[in-house]
Asks: 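Just dropping this structure here.
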Amino acid sequence: SQKIEQNSEALNIQEGKTATLTCNYTNYSPAYLQWYRQDPGRGPVFLLLIRENEKEKRKERLKVTFDTTLKQSLFHITASQPADSATYLCALAGSGNTGKLIFGQGTTLQVKP
Amino acid sequence: ETGVTQSPTHLIKTRGQQVTLRCSSQSGHNTVSWYQQALGQGPQFIFQYYREEENGRGNFPPRFSGLQFPNYSSELNVNALELDDSALYLCASRLDYSQETQYFGPGTRLLVL
């Protein structure tokens with residue numbers, strides 16, 4: 001069955017450093033992959049989308065890579081700030097626009113001042 | 001804020017009862033998806049509604065049902081509640097079936113005792 005794995009342990013980094021989060025998947029060929037941010041008690045907020053034929057996407061301090069051979073996506077936050085502390089979710093989607101996103105369990109990032 | 005609202009914010013029910021959760025989409029969005037998020041897990045896709053018709057469903061039993069109204073607001077109904085139904089229920093709207101970005105509401109926290 002389809003499986004998505006994100007760093008299960010929380011990631012603690014110092015302010016100003018680059019945070020790198022990993023998303024690995026098996027038994028799936030996604031048409032695209034999305035990253036969301038979720039704060040406690042809130043719904044996920046869309047950050048970035050990358051398609052199967054794209055290698056890298058950037059938005060301000062965020063960068064996402066997508067390697068369909070390794071079946072892996074990396075999510076980077078450069079010059080991290082305490083306000084970046086949250087849970088980050090990766091989500092895969094197949095073709096067909098069914099709206100069905102398959103989410104990983106999320107990685108909690110803590111940025112210390 | 002995404003413009004997607006959900007009600008109620010919290011709800012406590014007992015096993016065997018029925019519950020109705022409501023979602024108001026972002027203005028102009030005609031597609032709504034519902035997700036269940038257990039504590040410490042990523043959201044799981046329940047189903048999607050497009051122009052008042054269900055057109056995608058995840059691995060949830062028939063006691064999970066929904067409706068979408070002409071104004072594109074939506075309801076999630078769960079019958080015969082079980083303890084494992086305790087979770088955060090999220091709805092997400094999209095401008096259209098063909099759009100990939102989903103805008104999530106804050107969720108309804110359901111506790112089944």
Side-chain angles (χ1 to χ4, degrees), chain A residues 1-10 21-25 28 30-54 57 59 64 66 73 75 86-108, chain B residues 1-6 9-10 21 23-26 29-51 53-60 66 68 74 87-109:
Chain A
S1 62
Q2 302 153 350
K3 192 173 181 182
I4 302 174
E5 288 189 353
Q6 298 185 243
N7 312 67
S8 56
E9 294 185 7
L21 285 66
T22 305
C23 177
N24 294 297
Y25 61 93
Y28 201 62
Y32 59 87
L33 182 149
Q34 298 182 344
W35 283 88
Y36 287 81
R37 169 185 172 140
Q38 187 172 26
D39 291 287
R42 310 287 291 271
V45 175
F46 171 76
L47 296 174
L48 280 169
L49 179 153
I50 187 165
R51 301 185 190 284
E52 59 179 335
N53 60 349
E54 297 174 320
K57 266 283 184 69
K59 178 183 175 182
V64 173
F66 195 12
S73 175
F75 177 77
T87 296
Y88 292 85
L89 299 159
C90 73
L92 305 181
S95 58
N97 293 321
T98 63
K100 178 179 180 180
L101 292 176
I102 302 172
F103 282 88
Q105 78 273 32
T107 297
T108 299
Chain B
E1 298 298 326
T2 62
V4 179
T5 59
Q6 293 186 243
T9 54
H10 296 83
L21 310 181
C23 172
S24 182
S25 306
Q26 192 172 107
H29 287 197
N30 62 23
T31 306
V32 174
S33 300
W34 284 90
Y35 291 82
Q36 179 195 66
Q37 187 175 24
L39 208 57
Q41 301 297 314
Q44 276 196 298
F45 177 76
I46 303 175
F47 44 55
Q48 171 180 273
Y49 277 81
Y50 169 64
R51 293 185 180 274
E53 296 285 332
E54 181 185 306
N55 73 342
R57 191 176 182 95
N59 294 327
F60 281 81
Q68 188 180 31
S74 178
L88 181 68
Y89 288 85
L90 297 160
C91 77
S93 74
R94 297 188 285 168
L95 181 62
D96 185 71
Y97 182 72
S98 62
Q99 298 298 305
E100 293 133 342
T101 302
Q102 301 199 23
Y103 297 88
F104 283 84
T108 293
R109 174 73 64 187

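A note on names: the letters A, B, ... follow the listed sequences, proteins ahead of strands, and every chain is numbered from 1.
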Asks: What residues, two or more places apart in sequence or in another chain, satisfy side chain to side chain contact (heavy atoms under 4.5 Å, CB included) together with A:Gln105?
Replies: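 A:Gln6, A:Ser8, B:Gln41.
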
Asks: Within the distance-only criterion (no hydrogens, no angle test), does the side chain of B:Tyr35 pair as donor or acceptor with the backbone N or O of A:Leu101 below 3.5 angstrom?
Replies: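 Here the side-chain-to-backbone pair exists.
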
Asks: At under 4.5 Å between heavy atoms, what parts of residues 44-52 of chain A are in contact with chain B? List them by residue number.
Replies: A:Pro44, A:Phe46, A:Leu49, A:Arg51

Asks: Could you work out, with side chain to side chain contact (heavy atoms under 4.5 Å, CB included) as the rule, every residue matching B:Thr108, not counting sequence neighbours?
Replies: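 With sequence neighbours excluded, B:Thr108 shows a side chain to side chain contact (heavy atoms under 4.5 Å, CB included) to B:Gln6, B:Pro8, B:Leu21, given in chain and number order.
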
Asks: Is there a donor-acceptor pair closer than 3.5 Å between any side-chain N or O of B:Arg94 and the backbone N or O of B:Thr31?
Replies: no

Asks: Got A:Gln38 and B:Leu88 here, is their nearest side-chain heavy-atom distance under 4.5 Å?
Replies: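 Yes, close enough: below the 4.5 Å cut-off.
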
Asks: Report the residues that fulfil salt bridge (Lys or Arg N to Asp or Glu O under 4.0 Å) with B:Asp96, sequence neighbours left out, ordered by chain and then residue number.
Replies: none

Asks: Please classify the contact between B:Thr101 and chain A as side chain, backbone, both or neither, with a heavy-atom cut-off of under 4.5 Å.
Replies: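 Both parts, backbone and side chain.
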
